[in-house]
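Just below is one structure, and these are the notes that go with it.
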Amino acid sequence: MKFRNFKMVDYVVYGNGCFDQLDEILAPKRNGDAPMIFFVDMYFQDKKEFLSRVPLRGKDKIVIIDVTDEPKTKYVDQIRDELKAEFGQVSGIIGIGGGSVMDMAKAVALMMTNPGSSADYQGWDLVKLPGVYKVGIPTISGTGAEVSRTCVLTGPTRKLGMNSDFTPFDQIVLDPSLTKTVEPNQRFYTAMDCFIHCVESLQGTYLNAFSQSYGEKAQELCEEIFLDKDQWDDDADEKLMMASYAGGMSIAYSQVGVAHAVSYGLAYLLGTKHGIGNCIVFDKLEEFYPEGVEKFKKMVQKHNITIPQGITKGLTDEQFDIMINVSLGMAPLWENALGKDWKTIMTPERLRKLYERL
């Protein structure tokens, strides 16, 4: 038997207010006068008080990241080219925001040192060279992007991550106080990404004691927050940030499953955001995850959340085929969910019927 020898985040700092240690953390990683580049979620572009806390030195620069759409390979390549033209090389990339911003930070950091287009590296273990120093600072909890070995990108022909041992952050800064202003619906959709991670990991064929220990704790925290608590408070922010971390660790040594595989097709064709896309799909997956879907529906009801319905109504055969092809291209996800014979279980015809229900 061959065991996975996987790369983890090198350093983690956690606690309310730890964002203010960022200058101290970055200082020894500065390479001469090469700047640190801060990728900041567009949500903060008018938040002057927050932006003033970003520890700019010398030629450092803040780049506001457009998260209207999920990260595209052409956007990664564009920012890489702009940074190289302006600075030649940089000391590091710091991603401050949600999963899309953190994925952009990971991708651009890798593309500062690897040739060609980021589309060339969509897949598993295709990245050849370490990127520049990179830091992840989540301002919303649930994606697990802060600990994952992938940065999910939509390319010319597919939505697929740059999955490699070079992808994880060198440092993450987990400051629950940064998540306090998240709008409740968005907070729910993103938190459910974590809950769904856990359900898929814990019921997958790749499950082992390592991933199980993280997955069980993350799911327990999600259920405490969204089923047991009657109001949102600081404790909820803190526990959800830890659930996101643990959920990401769970899938680092296992894999996600049906909901993620199907939602990739929605994202590629319709541009559906990751969190809400997973919710739309998971809402219809009783046959695969009956207990998890039951709990999910209770959370939706308790928090008065609307899950969009009928989003695939009116699509053409060609459009359904595009989603099906993208989804079935996620072989590790399907194998984790259904086993090595997954192709005989999830046929294109069966997947088409599932898409028609969404």
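What you are looking at is a predicted structure, and each value in this text was computed from that prediction instead of being measured.
- At a threshold of 4.5 Å between non-hydrogen side-chain atoms, the residues Ile65 and Met102 do not count as touching.
- The ring of Phe6 has its center closer than 6.0 angstrom to the ring center of Phe210.
- Qualifying ring pair (Phe, Tyr, Trp, His ring centres under 6.0 Å) partners for Phe87, counting only residues two or more places apart in sequence or in other chains: none.
- Taken together through direct or relayed side-chain contacts under 4.5 Å among Ile, Leu, Val, Met, Phe, Trp and Tyr, Val135 and Tyr245 form parts of separate hydrophobic clusters.
- Looking at Lys84, its side chain does come within 3.5 Å of a backbone N or O of Met112 through a donor-acceptor pair.
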**Item:** Full working for side chain to side chain contact (heavy atoms under 4.5 Å, CB included) between Leu26 and Phe38
**Value:** CA-CA 11 Å; Leu26 296 180; Phe38 297 85; 3.7 Å; yes

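- Note: Phe188 and Phe226 have perpendicular aromatic rings, judged against thresholds of 30 and 60 degrees for the angle between ring planes.
- With hydrogens and angles left out, the side-chain atoms of Asn278 and Ser263 include a donor and acceptor closer than 3.5 Å.
- Using a 4.5 Å cut-off on side-chain heavy atoms (C-beta onward), Arg57 and Met36 make no contact.
- In this model, a donor atom of one side chain and an acceptor atom of the other lie less than 3.5 Å apart for Ser201 and Ser250.
- Annotation: side chain of Ile93 is in contact with side chain of Leu83 (closest heavy-atom distance under 4.5 Å).
- Using a 4.5 Å cut-off on side-chain heavy atoms (C-beta onward), Arg350 and Ile345 make contact.
- Residues Asn336 and Trp342 have side chains that never bring a donor and an acceptor to within less than 3.5 angstrom of each other.
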